[in-house]
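What's counted below: heavy atoms across the whole structure, side chains too, no hydrogens, waters or symmetry copies.
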Amino acid sequence: MQDCIDACLRCYQTCLGMASNHCLPAGGKHVEPEHVRLMLACAEICRTSAHLMLLGLPEHRHTCRACAEVCEACATSCAAVGDMQDCVTECRACAAHCRSMAA
């Protein structure tokens with residue numbers, strides 16, 4: 001479980017940081033509303049999933065399942081926008097960990 005918590009927190013930090021410090025200054029495709037909303041949603045579901053796991057609630061499986069789906073969508077969006085490999089990598093790693101926790 002700790003590996004999944006760590007992956008969620010890394011993804012949260014990466015998505016929020018890149019949305020604020022990379023996408024906003026870059027402009028263009030990086031700030032299209034759907035992309036920014038997805039990055040912010042990804043950061044939030046990662047934070048929430050980590051939080052529930054840290055609390056030890058068995059319901060973390062539900063948030064982990066949703067987290068995996070949102071992370072995959074975010075990775076796809078970031079890959080399509082380009083110049084966002086850190087986000088793509090962290091989102092895919094988090095999705096893999098969360099899928100395992102949701103099983």
Side-chain angles (χ1 to χ4, degrees):
M1 184 177 294
Q2 187 61 50
D3 288 344
C4 190
I5 292 167
D6 293 342
C8 284
L9 293 175
R10 278 191 309 273
C11 193
Y12 163 71
Q13 182 178 9
T14 301
C15 285
L16 189 59
M18 287 198 75
S20 299
N21 301 311
H22 176 74
C23 290
L24 290 177
K29 294 187 296 185
H30 287 86
V31 293
E32 288 181 1
E34 185 176 334
H35 175 69
V36 172
R37 280 189 210 107
L38 188 53
M39 288 189 72
L40 296 176
C42 188
E44 185 59 25
I45 193 67
C46 287
R47 186 200 63 79
T48 300
S49 292
H51 192 111
L52 292 185
M53 286 184 279
L54 286 165
L55 291 173
L57 293 175
E59 290 82 5
H60 75 268
R61 286 177 174 79
H62 303 295
T63 57
C64 284
R65 184 173 297 110
C67 188
E69 291 176 19
V70 173
C71 283
E72 283 296 338
C74 189
T76 299
S77 180
C78 289
V81 167
D83 192 31
M84 299 192 67
Q85 191 55 47
D86 288 347
C87 200
V88 173
T89 300
E90 292 302 334
C91 286
R92 288 191 175 140
C94 186
H97 282 286
C98 281
R99 272 192 297 276
S100 294
M101 290 304 295

For C42 against V70, the heavy-atom pair lying closest together: CA-CG1, 3.6 Å
Qualifying residues under ring pair (Phe, Tyr, Trp, His ring centres under 6.0 Å), relative to H22, sequence neighbours excluded: H30
Contact summary for V31 and L24, nearest pair of heavy atoms: CG1-CA, 3.7 Å
Side chain to side chain, S100 and C4, heavy atoms closer than 4.5 Å: no
Salt bridge (charged side-chain N to carboxylate O under 4.0 Å, His left out) between R37 and E34, worked out: CA-CA 5 Å; R37 280 189 210 107; E34 185 176 334; over 6 Å; no
Heavy-atom side-chain contact between Q85 and T89 under 4.5 Å: yes
Reported OH-to-CD distance for the pair Y12 and E90, which is rounded to 0.5 angstrom: 14.5 Å
Test: K29 and E32 ion pair at under 4.0 Å: no
Contact check, side chains of M53 and C8, non-hydrogen atoms, under 4.5 Å: yes
Pairs where residues 66-77 contributes a residue and the test side-chain hydrogen bond (donor to acceptor under 3.5 Å, both in side chains) is met, not counting sequence neighbours: H35-S77, E72-R99
Close side-chain approach of C71 and C98, heavy atoms under 4.5 Å: no
Euclidean distance, C67 SG relative to H62 NE2, rounded to 0.5 Å: 14.5 Å
Nearest-0.5 Å distance that lies between atom NE2 in H97 and atom CD in Q2: 11.0 Å
Point-to-point distance, once rounded to the nearest 0.5 Å, from CE of M18 to CE of M39: 6.0 Å
Value rounded to 0.5 Å, distance of CD1 in I45 from CG in L40: 13.5 Å
Side chain to side chain, H60 and M101, heavy atoms closer than 4.5 Å: yes
4.5 Å side-chain heavy-atom contact, C15 and C46: no
Interatomic distance, H51 atom NE2 to S49 atom OG [nearest 0.5 angstrom]: 11.0 Å
Distance-minimising heavy-atom pair for L38 and A73: CD2-O, 3.3 Å
